[in-house]
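Inspection log for the structure reproduced underneath, given as structure tokens.
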Amino acid sequence: MPVSLCLTSPNCFRTFSLVPNPAMAPGPNSLMWFRKGLRIHDNPALEHAAKGCGCLYPVFVIDPHYMKPDPVTFSPGSTRAGLNRIRFLLESLVDLDANLKKLGSRLLVLKGEPSEWDIKRLCFEYETEPYYQALDCKVKNYASLAGIEVFSPVSHTLFNPADIIQKNGGRPPLSYQSFLKLAGKPSWASFPLVTKLNPLSAIGHVGNCEISEVPTVQELGYEDTREDELTVFRGGESEALRRLRDSIKGKEWVANFEKPKGDPSAFLKPATTVLSPYLKFGCLSSRYFYQCIQDVQKNVERHTSPPVSLLGQLLWRDFFYTVGFGTPNFEQMRGNRICKQVPWNDDDDELLAAWRDARTGFPWIDAIMVQLRKWGWTHHLARHSVACFLTRGDLFVHWEKGRDVFERLLIDHDWAINNGNWLWLSCSSFFYQYNRIYSPISFGKKYDPDGEYIRHFLPVLKDMPKEYIYEPWTAPLSIQTKAKCIVGKDYPKPVVSHDSASKECKRKLAEAYELNKKLNGVVSNEDLQGLRRKLEEKESQEPRPKRLKQKLISWRPK
DNA sequence: GATAGGTTGTCGCA
DNA sequence: TGCGACAACCTATC
């Protein structure tokens, strides 16, 4: 009996069939299913698949939902991913294919046509995201029905999130420090990882299955993509290892790395490693990265420590993976045990769109949103700035809305880390000091007083004198004219007054916190509606210029 | 129940 | 460049 196995989405079971054949010799045929973990080095699933096998099928399945152009979204891309990330993924696949070819194999890219293959061993990297949990559960069930051995090792993260949760009595730790204590040193920290593989077995019979080369973005149906809309970072394991070598070359830089001291406005040479997209797709093994940093630290007198050190950054990643894995409804406010229930604006699409489309009228915020859209990447602190601005700092828009925008645009988008950071920045979980608000004016200014970052990503402001570049609406008209940028015409007026909007946000959060405390975190929809009404009443009693009156202009960053 | 500590706020001052 | 005031949150731990 052939057993159908779908390797694309949890709700479909028709990609191809596996036909176990006990008579096959010499070893069992193996299927290595690549999802993330797009690498040769430190890839236990691939290693196991290759060990003593007959034929080896290295497979990547194109999921149409992830790849196919969706014409109705706000930025080029598919239903689930922006074009930048799709391109990054394709580049990573091309590189993986090339690296497999060096080992005498190749990548088999499949697109949905059923076929029968003779497989006895199925190997894929373990995943903690709900999407893969649901999919893998079904795949494992079907494989076991068919008598196929499944090997699914934890190798995407430093630790197994389930172990940490178990050590903590069944609940994930909610602070970084307690996470560190529970985690300790990873078991493999001082063992050499397998970074090189022997030549791989041949590909087996593929039947009538449609095998293709890695498609280009054009072949996927993306036509009019302007080059300047595309990211400056190239995907793939080779590029990841090159970047890694470059980053750790400067031993002092590694040893003295302090995340909060990095400059978010540095764009010619980013202040961080920009290894996050490679970690996201597993082009770079986080464990290999860990060992490389460890080696550098051994050879210097003193070095920084978590949370600010470079190693600390990798541990943050594991922290969010752990909490995300152990928290039901982690990606939403409702039904999320660790999330404060707050009456965010969730129907003001105008404010959301202004933020998303880089027309809030705050150049620092808008420049970051342009960089995000073009590069699919911005510095961590720049992400903080815009996330705070959208939610608890100024616009009071629901963090889930901002999360969705990041999810689409970031090339390093990672389910656990993105949701975790939005919970953090909106003061919904992990972090609660809602009085600490990033100023959309002074925060950028302290790193980049001349506004070079703004001039680069918002060329409309390139001739604005530095005295006004963070607040162009305060520039006298003569200056605006001279700079060829009239605020309200060439560049928008600010959508809110930061002073009054941030005060209002603090007041609302104080009320929301009080309600959560009173109800012991069990806040119903009605409770939230009640608070929303109460806050609105207060607003109408004390009318204040919540939003500066302005004619909406159809301004687009160029 | 009290206390310590928390990845990275802002402002004014020395 | 570094400090305290600002106003005061929460979680972890005892």
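The figures here come from the full heavy-atom set of this structure, side chains too, leaving out hydrogens, waters and symmetry mates. Letters A, B, ... are given to chains in the order of the sequence lines, protein chains preceding strands, and every chain is numbered from 1.
The same atom, P, is picked in B:dT7 and in C:dT13; the two are 12 Å apart, to the nearest Å. Between the P atoms of C:dA12 and C:dA8, the separation comes to 23 Å (whole Å). Taking atom P on both nucleotides, C:dA7 is separated from B:dG6 by 23 Å, rounded to a whole Å.
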Check: residues 460-470 of chain A side-chain donor-acceptor pairs under 3.5 Å, at least two apart:
residue: A:K466; atom: NZ; partner: A:D450; partner atom: OD1; Å: 3.4
residue: A:Y470; atom: OH; partner: A:G444; partner atom: O; Å: 3.3
residue: A:Y470; atom: OH; partner: A:D448; partner atom: O; Å: 2.6

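Every stem involving DNA chain B, taken as at least 3 paired positions in a row under the Watson-Crick or G-U wobble test at 3.5 Å, is listed here: B:1-6 with C:9-14, B:9-14 with C:1-6.
Relative orientation of the A:F406 and A:W422 rings is perpendicular, given thresholds of 30° and 60° on the angle between their planes. Ring geometry for A:W424 against A:F430 counts as parallel: the plane angle stays under 30°, on a 0 to 90° scale with 60° as the upper cut. Ring pair A:W415/A:F330 is tilted by interplanar angle, where 30° to 60° counts as tilted. Below 30°, between 30° and 60°, or above 60°: for A:W375 and A:W377 the angle between ring planes is below 30°, a parallel geometry.
In this structure, A:K181 reaches the sugar-phosphate backbone alone: every heavy-atom distance under 4.0 Å involves primed, P, OP1 or OP2 atoms, never a base. Here A:K445 lies out of heavy-atom contact (under 4.0 Å) with every strand. Heavy atoms of A:D499 sit nowhere under 4.0 angstrom from any nucleic acid atom.
We find that NZ of A:K340 is positioned 6 Å from P of C:dC10, with the value rounded to whole Å. Rounded to a whole Å, the CD1 atom of A:I338 is 15 Å from the C1' atom of C:dA12. Whole-Å rounding puts the A:L509 CG to C:dA8 C1' distance at 13 Å. One atom, CD of A:E514, and another, C1' of C:dA8, lie 14 Å apart when rounded to the nearest Å.
Interface residues of residues 156-180 of chain A facing DNA chain B, ordered by number: A:Y176, A:Q177; criterion, heavy-atom separation under 4.0 Å. Non-hydrogen atoms lying under 4.0 Å from DNA chain B are contributed by A:Q433, A:R436, A:I437, A:Y438, A:S439, all within residues 429-441 of chain A.
Open room surrounds OH on A:Y288; 12 or fewer heavy atoms of other groups in view lie less than 6.0 Å from it. Annotation: A:Q332, atom CD; neighbour count of heavy atoms from other residues, nucleotides and ligands within 6.0 Å is above 12.
Each of A:E125, A:E239, A:E237 was checked for a salt bridge (charged side-chain N to carboxylate O under 4.0 Å, His left out) with A:R39, and the lone residue meeting it is A:E125. Residue A:E127 forms a side-chain hydrogen bond (donor to acceptor under 3.5 Å, both in side chains) with just one option from A:H156, A:R35, A:Q133, A:K36, and that option is A:K36.
For residues 159-169 of chain A, the set of pairs meeting the salt bridge (charged side-chain N to carboxylate O under 4.0 Å, His left out) definition, not counting sequence neighbours, is empty.
Nucleotides of DNA chain B that come within less than 4.0 Å of any heavy atom of chain A span, from the 5' end to the 3' end, B:dG6 to B:dC11.
Taking the six-membered ring for Trp, A:Y513 and A:Y434 have ring centres closer than 6.0 Å.
Comment: A:K298 engages A:D295 in a salt bridge, judged by a side-chain N to carboxylate O separation of less than 4.0 angstrom. Between A:D412 and A:K280 there is no salt bridge, since no side-chain N of the basic residue sits under 4.0 Å from a carboxylate O of the acidic one. Between A:R243 and A:D246, no side-chain nitrogen of the basic residue sits less than 4.0 Å from a carboxylate oxygen of the acidic one, so the salt-bridge criterion is not met.
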